[in-house]
There are 2 protein chains.
Amino acid sequence: MIENTIFKALADPTRCAIFEKLAAGSMNASDLRAGMNISQPAMSQHLAVLRGAKLVREERQGRFVNYEVDPDGLALIAGWLAKYRAYWPARVDALKALLKDMDQ
Amino acid sequence: MIENTIFKALADPTRCAIFEKLAAGSMNASDLRAGMNISQPAMSQHLAVLRGAKLVREERQGRFVNYEVDPDGLALIAGWLAKYRAYWPARVDALKALLKDMDQ
DNA sequence: TCGACACATAAGCACGTACTTATGTGATTT
DNA sequence: AAATCACATAAGTACGTGCTTATGTGTCGA
């Protein structure tokens, strides 16, 4: 039930935002904090949860810690979604529209 | 931020199990309860959350309410996942077909 | 129409979670 | 070595969540 850990990690809007920010480009915890009204420990705790869910991974760089998206977590979600593939092809059109909206 | 509602819905292991059971075949709330050690109100509440996340939809049938998987929710997850396609590992064969369908 | 049934809603409670401030740890600079 | 910086951890607190029992709503059969 590792997917459960992932869904729990993404259930928090702040963590979702952090993940999206990292998806746009790797950065350290301080840079991540810029713009988000959140304390340093809070950020550290959120990153720990995302790490536990394999959605994010760290890389020490001097006294900075660089964070980046971990493909493992996304692969797990993709695997979970694939189990229910039988249900969504009927809605391909809706998905296409959604994707188009996201592109612009 | 509708995806957040979905992730929150799937963050609970009991709801995950309910969803999986429904994915194997539509059934009413009572049948769903069979095997799971959970009260009737709890099941009703879980189904309400899954409904709110568009992961499940209902259909009145006499005094029963038949529940089934709602493709809308899955499509939303697929859409969310698609945003991070750049990170998907190339080795995830399970999702290649999914990708192909979304790309066409 | 009355009782039984399937399910939803209300209210209350125990526990989990996200935040805070305070402090610890390790690396860099002077 | 001492100060500083980037980040992690500790501890406490307010709030959310999932459960329970009790009750409400709508449907069916006798």
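All values below were derived from every heavy atom in this structure, side-chain atoms included, with hydrogens, water molecules and symmetry-related copies excluded. Chain naming here is simple, since letters A, B, ... match the order of the sequence lines and numbering starts at 1 in each. Please read these numbers as outputs of a predicted model, since none were measured by experiment.
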Hey, does [X] reach any base, or is it just sugar-phosphate, or nothing, if we go heavy atoms under 4.0 Å?
X: B/R33; result: nothing
X: B/R15; result: sugar-phosphate
X: B/A42; result: base

Let me know the distance between [atom1] of [X] and [atom2] of [N], rounded to the nearest Å.
X: B/M36; N: D/dC19; atom1: CE; atom2: C1'; value: 14 Å
X: A/M43; N: D/dA8; atom1: CE; atom2: P; value: 10 Å
X: B/N37; N: D/dC19; atom1: CG; atom2: C1'; value: 12 Å
X: A/E58; N: D/dA8; atom1: CD; atom2: P; value: 6 Å
X: B/H46; N: D/dT17; atom1: NE2; atom2: C1'; value: 10 Å
X: B/I38; N: D/dG18; atom1: CD1; atom2: C1'; value: 9 Å
X: B/D31; N: C/dC7; atom1: CG; atom2: P; value: 8 Å
X: A/I18; N: D/dC7; atom1: CD1; atom2: C1'; value: 14 Å

task: Record whether the side chain of A/Q40 comes under 3.5 Å of the base of D/dA8 through a donor-acceptor pair of N or O atoms.
output: yes
Picking from [options], which would you name as closest to the side chain of [X]?
X: B/Q45; options: D/dC19, D/dT17, C/dT21; answer: D/dC19
X: B/F64; options: C/dT21, C/dA18, C/dC7; answer: C/dC7
X: A/P41; options: C/dT20, D/dA22, C/dC7; answer: C/dT20
X: A/S30; options: D/dC7, C/dA8, C/dT21; answer: D/dC7
X: B/V65; options: C/dC5, C/dA10, C/dC7; answer: C/dC7
X: B/D12; options: D/dT20, C/dA27, D/dG18; answer: D/dG18
X: A/S44; options: C/dC7, D/dC7, D/dT27; answer: D/dC7

Within the structure, does a side-chain N or O atom of [X] lie under 4.0 Å from either OP1 or OP2 of [N]?
X: A/S39; N: C/dT20; value: yes
X: B/K8; N: D/dG16; value: no
X: B/Y67; N: C/dA8; value: yes

query: B/F19 pairs by ring-ring contact (aromatic ring centres under 6.0 Å, His included) with which of A/Y87, A/F7, A/W80?
result: A/W80
- prompt: Same cluster for B/I38 and B/V49 if Ile/Leu/Val/Met/Phe/Trp/Tyr side chains link at under 4.5 Å?
  reply: no
field: Pairwise 5' ranking along DNA chain C for A/T14 and A/R63, keeping only the more 5' one
entry: A/T14
- prompt: Can you name the closest pair of heavy atoms from B/C16 and A/N4 and give their distance?
  reply: SG-ND2, 4.2 Å
Donor-acceptor pairs under 3.5 angstrom involving side-chain atoms of residues 50-66 of chain A: please list them, not counting sequence neighbours.
from	atom 1	to	atom 2	distance (Å)
A/R57	NE	A/E68	OE2	3.0
A/E58	OE1	A/Y67	OH	3.2
A/R60	NH1	A/G62	O	3.1

message: For a 4.5 angstrom cut-off between non-hydrogen side-chain atoms, does B/L10 reach B/R15?
response: no
- request: Applying side-chain contact (heavy atoms from CB on, under 4.5 Å), name anything that partners A/A17, two or more places apart in sequence or on another chain.
  value: A/M36
